[in-house]
Amino acid sequence: MRWSRIFIPTLRENPATAEATSHRLLLRAGYIRQLTAGVYSYLPLAQRVLLKITDIIREEMNRIGAQEFLLPALNPAEVWKESGRWEVMGENMFRLKDRKGADLCLGMTHEEVFTAIARDEIRSYKQLPQIWYQIQTKFRDEARPKSGILRVREFIMKDSYSFDVDWEGLDKAFEAHREAYCRIYDRCGLKYLVVEASSGAMGGSQSSEFMVISDAGEDWVVFCASCGYAANIEKATSRLADIVDESGPAAPEEFPTPGVRTIEDLTTFPGGASADRQIKTLVYMLDNRPHIVLLRGDHQLNETKLTDATAAKSLRPAHPEEIKSLLGAFPGSLGAVGVDHLPVIADYAIYGRRNMTTGANRDDFHLRGVDVERDIKVTKWADLRNVASGERCLQCNAALNVSKAIEVGHIFKLGTRYSESMGATVLTAEGKEVPIVMGSYGIGVGRIMASAVELYNDEDGICWPVSIAPFEVVITPANFAEPMQQEAAVNLYKELSATGVDVLLDDRDERPGVKFKDADLIGIPFRLTIGKKLKDGKVELFERKTRSSTELDLDVAVRQVRLSLAAAYERSTN
RNA sequence: CGGGGAGUAGCGUAGCCUGGUAACGCGCACGGUUUGGGACCGUGAGAUCGGAGGUUCAAAUCCUCUCUCCCCGACCA
């Protein structure tokens, strides 16, 4: 491909509205353009990257015996009503009506449609197992699209679904996917973690997410560098440092705390207590019924853990007025001592604690000397708190890290949730009718692209891993109008192309500086520079990532480029 | 949905407070000089200032409504 003929609208300045690094660079380097909030056009360079990624995905999916489909993005309401998700998906689903007034939606995911096919066509255990996948556009009406192509309303996803007669079969399909996903992310050159994830309200027994550590991410992951433990913060647990409480009074003592509203306030208030000696009292509406939630003062509630622990379908913090009428005080002076008219869900971290301080359910008053076991009627103990950085790993006792991450993939054991609601069953060898056991597995294709940019960039632009770069090599003659340079450049271009190398020839009538800057910006891994030394039979090979260059004899240049490429591929898969 | 910010030429911005008929840099076109890290000189094209309504002799500027985008939060099988 000649640069003069491919559409690469690079921007000299940073776009004003782009905050995230990947957003800024993909825009500036001419990969993407925004159409509207959360909807992007992929320009030729981006399309080349996406194709490289999807080629890798296809190879690895096919390797585990998966079969590629292409399902409709436009779905009738019926299948979604059958599974019950027409209601569950709520505002996040794009809905529309056709000319006859029938309800339709744009697919957010494809459990329903694939399950409908399985239900209609698969009768016998002999037709199983199956792994079906597609690479297709999904639509989700996100409340807040953000960070360029990281969180969008229309996006490309590889989604696959496994169908088995039994759970052992599902375990195999799940494991096959886990391994395939690792190969895919390895080959794309990403650094990632496989983390335990919350199964959520959708049932199922196990799920893992594939996470790229990045500040641009929206999830938090907890991981242990020494033993490899890794989990989404919605699932992660840790060991806390032991606290020895001295015994307190025989009964809680009320004391005035005028103006104290927060845990922090009480730590500095005379007669108060440090945060880890306080009990934090929250009131939540779980399926519209009030519950008290207790945590140690310095701990944060994780709402997903609360949802998982209570199997609640809906959850929200109670409003101050609701709290006042339930407990007699506003937030800031709440406690669970003596409360027996509301369920109390408490985090394990306050189990057995003594001589604690908490609100008195009387505005501007607190209680000290609270023994949890003696004074509070806990109806349910659960793990509710967010793990914090520096807490100890349960497996090996090393300090845990907590980092932001981009979710690039999610594999999920669904079980029979969809096959049961939609009636997808098979006959077993014994002639018994059983629901098909399913798994569902997703990869965000655009997120792989964005993650690679987040991971590999510098002040000059993007530094793509070779395997997903739009071109592997760019040939840059300092002056293309100069006949010697032109001839050498065109010959190298032809020879490299002939050996299957993806090469871009910068044939533009631009000054060398412009060509170098553009090549760096768009992030081509290798640049063959042809300049003044050509008269001595020399060209230069520049590696984008390391900014190192080596002088090559013209006649070995093709061989050397291919060796360097091979080495770069080798590195990215290790 | 709550809070904050912004819409002026293809891009980045100034002008707005204190109304007087749109400016600068980059990019673009043409001519010339240049050619190893975003060249220089000259000439030129390009904006009814997001939209609608209002105030005024006069509105990018003041008022009202509205649309869109960005950021923080809520939300996110």
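First the proteins, then the strands, lettered A, B, ... as listed; each starts at 1.
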**OP:** Sorted by first residue and then second, give each salt bridge (charged side-chain N to carboxylate O under 4.0 Å, His left out) pair with at least one member in residues 14-33 of chain A; sequence neighbours left out.
**Re:** none

**OP:** Return each pair, listed once, that meets salt bridge (charged side-chain N to carboxylate O under 4.0 Å, His left out) where at least one residue sits in residues 4-17 of chain A; pairs must be two or more places apart or across chains.
**Re:** none

**OP:** Nearest-nucleotide wise, let me know which of A:Glu13 and A:Met157 is further upstream toward the 5' end of RNA chain B.
**Re:** A:Glu13

Taking only residues two or more places apart in sequence or in another chain, which ones pass side chain to side chain donor-acceptor pair (under 3.5 Å) with [X]?
X        : answer
A:Asp383 : A:Lys305
A:Gln34  : A:Tyr40
A:Thr529 : A:Arg527
A:Ser160 : A:Lys158, A:His177

[N] and [M]: how far apart are their [atom1] atoms, nearest whole angstrom?
N     : M     : atom1 : answer
B:U68 : B:C76 : P     : 24 Å
B:A77 : B:C16 : P     : 48 Å
B:G54 : B:G12 : C1'   : 33 Å
B:C49 : B:A9  : C1'   : 10 Å
B:U61 : B:C75 : P     : 40 Å
B:G4  : B:G44 : C1'   : 43 Å
B:G50 : B:C40 : P     : 32 Å
B:A29 : B:G10 : P     : 15 Å

Report the base-pairing partner of [N] (Watson-Crick or G-U wobble, both distances below 3.5 angstrom), or none.
N     : value
B:U64 : B:A52
B:A14 : none
B:A45 : none
B:C1  : B:G73
B:G20 : B:C57

Original post:
Could you run down nucleotides 35-46 of chain B 5' to 3' and tag each one B, S or - for protein heavy-atom contact under 4.0 Å?
Top reply: BBBBB-------

**OP:** State which residues pass salt bridge (charged side-chain N to carboxylate O under 4.0 Å, His left out) with A:Glu472; sequence neighbours excluded, sorted by chain then number.
**Re:** none

**OP:** Measure the acute angle between the ring planes of A:Phe69 and A:Phe114, then classify it against the limits of 30° and 60° as parallel, tilted or perpendicular.
**Re:** perpendicular

Original post:
Who pairs with A:Ala16 by side-chain contact (heavy atoms from CB on, under 4.5 Å), at least two apart in sequence or on another chain?
Top reply: none

**OP:** Please list, chain by chain and in numerical order, all residues satisfying side-chain contact (heavy atoms from CB on, under 4.5 Å) with A:Ala309, sequence neighbours excluded.
**Re:** A:Lys380, A:Ala382, A:Leu384

**OP:** Check the distance between B:A77's P and A:Asn232's CG and give it to me in whole angstrom.
**Re:** 11 Å

Original post:
Is the distance between the ring centroids of A:Tyr441 and A:Tyr161 under 6.0 Å?
Top reply: no

Subject >> Stacked cation flag A:Arg85 on A:Trp80, 6.0 angstrom / 45 deg >> reply: no

Taking only nitrogen or oxygen atoms into account, show me every contact under 3.5 Å that the protein makes with nucleotides 66-76 of chain B, one pair per line with its distance.
unit_1	atom_1	unit_2	atom_2	d
B:C69	OP1	A:Thr36	OG1	2.6
B:C69	OP1	A:Ala37	N	3.0
B:C70	OP1	A:Gln34	NE2	2.8
B:C72	OP2	A:Arg144	NH1	3.1
B:C72	OP2	A:Arg144	NH2	2.9
B:G73	N7	A:Arg144	NE	3.4
B:C75	OP1	A:Glu303	OE1	3.0
B:C75	N3	A:Arg151	NH2	3.2
B:C76	O2	A:Arg151	NH1	3.3
B:C76	O2	A:Arg151	NH2	3.2

Subject >> RNA chain B contacts among residues 444-458 of chain A, heavy-atom distance under 4.0 Å >> reply: none

